Amino acid sequence: MQLSISEYQKERTRTANAVMSFEREDFGLLGPLHLNSIDWANSNHRRSIAASLVQGTYILERDRQEKRRGSQALAPPWWEFFHFKLIRQLVDDADSCVFGAIYEYAPPSSHCNDSIDRSPRYVIAFRGTINKPDSFSRDFSLDIHIIRNGLHQTSRFEIAMKAVRNMVAMVGDSSVWLAGHSLGAAMAMLAGKTIAKTGNFLEAFLFNPPFLSAPIERINYGNVKHGLRFASSFITAGLVLATKGNSQTSQSEDPFFILSAWTPCLFVNPTDHLCSEYIGYFEHRKKMEEIGYGAIERLATQNSLGDLFMSVVRRSAEAAEPLHLLPSAYLTVNLTPSEDFKQAHGIQQWWRPDLHLKCNLYKYK
C-alpha cells in the first residue's frame, strides 16, 4: 500500500523520534562506560552510579510504555553494569506507572577486594516527570502537588515512604541510599526528611531538586540579587513573628536543628531555574551570619514566604512545613556550560567524566 506524502512524513517523524528515544535510553550509547572499575570512596563514582540508577527507573517506565521485554528491554544495563540487581519496582496505584525502583548491590566474588567500604547495600531511586501520554498526566499532577506543598498527601509518596521504612527496618539506615531526579528528587528529599525525624539518616543523592521560589539566582546583577535576598529575609522573618509569635525554642526542640544532622547531597545546575536557587539559599545564609544578621536568617531560612503569606490570608497560625528547605547539605554545582534548559535539567549530565564542579558543605548552626 502506497503512503500519501503527509502519511510518509508522519511515519518518518515517528521513526526519527523512536531512534532518538532509543539513543537517549541505550546504556551502550549514553551510559558511563568509563566506570569499568568502581571506587566507592570516589565521590565522582558515587554520584555517577546514583544518577545511573535513577536513569534506570526512567527506562523501566519507558520499557513498560513501549512494551519492551526480555532482550528488548533497555533498562537492565543501567544497574547491571555496576553489579546491582533489581529487587522491586515501585508502581503508582493511580495509573500503574513505574515511578521508582529498589536495587541491591551484589558484586561478584572476584570484586571482594575492591573498595566497598562506602558502598550501599540497597538503593531506592525515584524518577522525575516523563513527557509521554502514559505517565505525564499523573506526573504533572504530582508536580502541582509540589508547588502546593502537598506531596506528602499523595498516594505515590505513601507507597515510596512505606518502601523506605520497610527497608530501613530490615537492614538499618547505614545500608540504604536514596536517589532521585527532579520530581523524584523531591520524593527522595521528603522521604529522607521524614525518616530523619525518627533518627535514621540515609545517604541521599538529589539531582536537580525543585526549589519553590522566584529564580533570583538567575539575576546577573549581584547588588540587585543580594538586595532582593536581604529584603526577603526580613519580610519572611517578620511574617514568622506575626504568625507564630516571638516564642523562644531551644535547639533540642527546634525541628530544623534536629533535622540538621541529615546532610543530603544536592546536585544543581545554575542554568536550571528549577533548582538554581539552592545556590543562593545556602550562600545567603552564610553571608547573613557573617554580617551579624544570623538570628534573622535562622527564622527566614526554615520558612517559605509563600506559605507564610497564605497562612496570614487564611488567618491560620500554622503554615505547612516547606518541602524544599533544608538545614544542611553537600551542595555540588555543575559549572560546565549547558546548551539549553533541557541539558541543564537533565539527569545525563551527572555521570559525565569531564564536569567542572564546585562543592561546598553547609551546616545549619
Side-chain angles (χ1 to χ4, degrees), residues 10-33 48-82 84-104 123-143 154 156-157 159-160 163 178-188 205-210 267 272 274 340-352:
K10 289 179 180 178
E11 182 63 21
R12 285 196 61 183
T13 300
R14 188 194 66 79
T15 303
N17 289 338
V19 171
M20 290 175 61
S21 178
F22 177 87
E23 291 176 348
R24 288 193 299 267
E25 297 165 1
D26 184 77
F27 183 85
L29 297 174
L30 190 64
L33 299 174
S48 298
I49 293 170
S52 296
L53 295 179
V54 173
Q55 176 73 344
T57 66
Y58 275 105
I59 312 305
L60 274 170
E61 171 58 14
R62 290 291 297 130
D63 281 347
R64 185 191 73 85
Q65 293 177 4
E66 296 296 323
K67 297 180 174 58
R68 297 185 300 227
R69 301 182 181 90
S71 61
Q72 293 183 328
L74 297 180
W78 288 97
W79 57 82
E80 290 176 350
F81 186 82
F82 307 108
F84 282 85
K85 62 181 180 180
L86 176 68
I87 63 170
R88 182 186 168 193
Q89 299 181 24
L90 300 179
V91 178
D92 195 311
D93 60 354
D95 63 355
S96 300
C97 73
V98 179
F99 71 88
I102 303 177
Y103 304 101
E104 181 181 11
V123 178
I124 305 175
F126 305 101
R127 66 165 177 82
T129 303
I130 294 180
N131 296 322
K132 299 294 182 181
D134 287 350
S135 56
F136 178 72
S137 177
R138 174 62 168 166
D139 289 350
F140 182 72
S141 71
L142 289 160
D143 292 332
T154 64
R156 181 181 290 190
F157 176 70
I159 295 168
L178 295 175
H181 174 249
S182 193
L183 167 61
M187 189 81 65
F205 297 79
L206 311 177
F207 301 99
N208 302 80
F267 301 91
D272 177 8
L274 294 180
D340 50 29
F341 167 76
K342 184 177 181 180
Q343 187 180 78
H345 188 67
I347 186 68
Q348 296 88 353
Q349 65 186 295
W350 296 112
W351 59 70
R352 286 177 51 185

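Keep in mind that this is a model prediction, so the values were computed, not measured. Numbers here simply count residues along the sequence, with the first being 1.
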Distance, nearest 0.5 Å, that separates [atom1] of [X] from [atom2] of [Y]:
{"X": "Leu178", "Y": "Ile124", "atom1": "CG", "atom2": "CD1", "result": "6.0 Å"}
{"X": "Thr57", "Y": "Leu90", "atom1": "OG1", "atom2": "CG", "result": "9.5 Å"}
{"X": "Ser48", "Y": "Gln55", "atom1": "OG", "atom2": "CD", "result": "12.5 Å"}
{"X": "Leu74", "Y": "Leu30", "atom1": "CG", "atom2": "CG", "result": "11.5 Å"}

At their closest point, which heavy atom of [X] faces which heavy atom of [Y], and how far apart are they?
{"X": "Ala188", "Y": "Leu206", "value": "CB-CD2, 3.6 Å"}
{"X": "Gln65", "Y": "Ser135", "value": "NE2-OG, 3.0 Å"}
{"X": "Ala75", "Y": "Gly56", "value": "CB-O, 4.0 Å"}
{"X": "Asp63", "Y": "Pro76", "value": "OD2-CD, 4.4 Å"}

Any donor-acceptor pair under 3.5 Å from [X] side chain to [Y] backbone:
{"X": "Tyr103", "Y": "Leu53", "value": "yes"}
{"X": "Asp95", "Y": "Phe136", "value": "no"}
{"X": "Tyr58", "Y": "Gly128", "value": "yes"}
{"X": "Arg127", "Y": "Leu60", "value": "no"}
{"X": "His181", "Y": "His345", "value": "yes"}

Quiz prompt | Phe140 CZ: over 12 foreign heavy atoms closer than 6.0 Å | solution = no
Exercise. In plain terms, say whether Arg156 and Asp139 are close enough for a salt bridge, that is, a side-chain N and a carboxylate O under 4.0 Å apart.
Key: yes
Exercise. Indicate the ring-plane relationship of Trp351 and Trp78, choosing parallel, tilted or perpendicular according to the 30° and 60° boundaries.
Key: tilted
Self-check item: Pair Gln349-Arg352, side-chain donor/acceptor within less than 3.5 Å
Solution: no
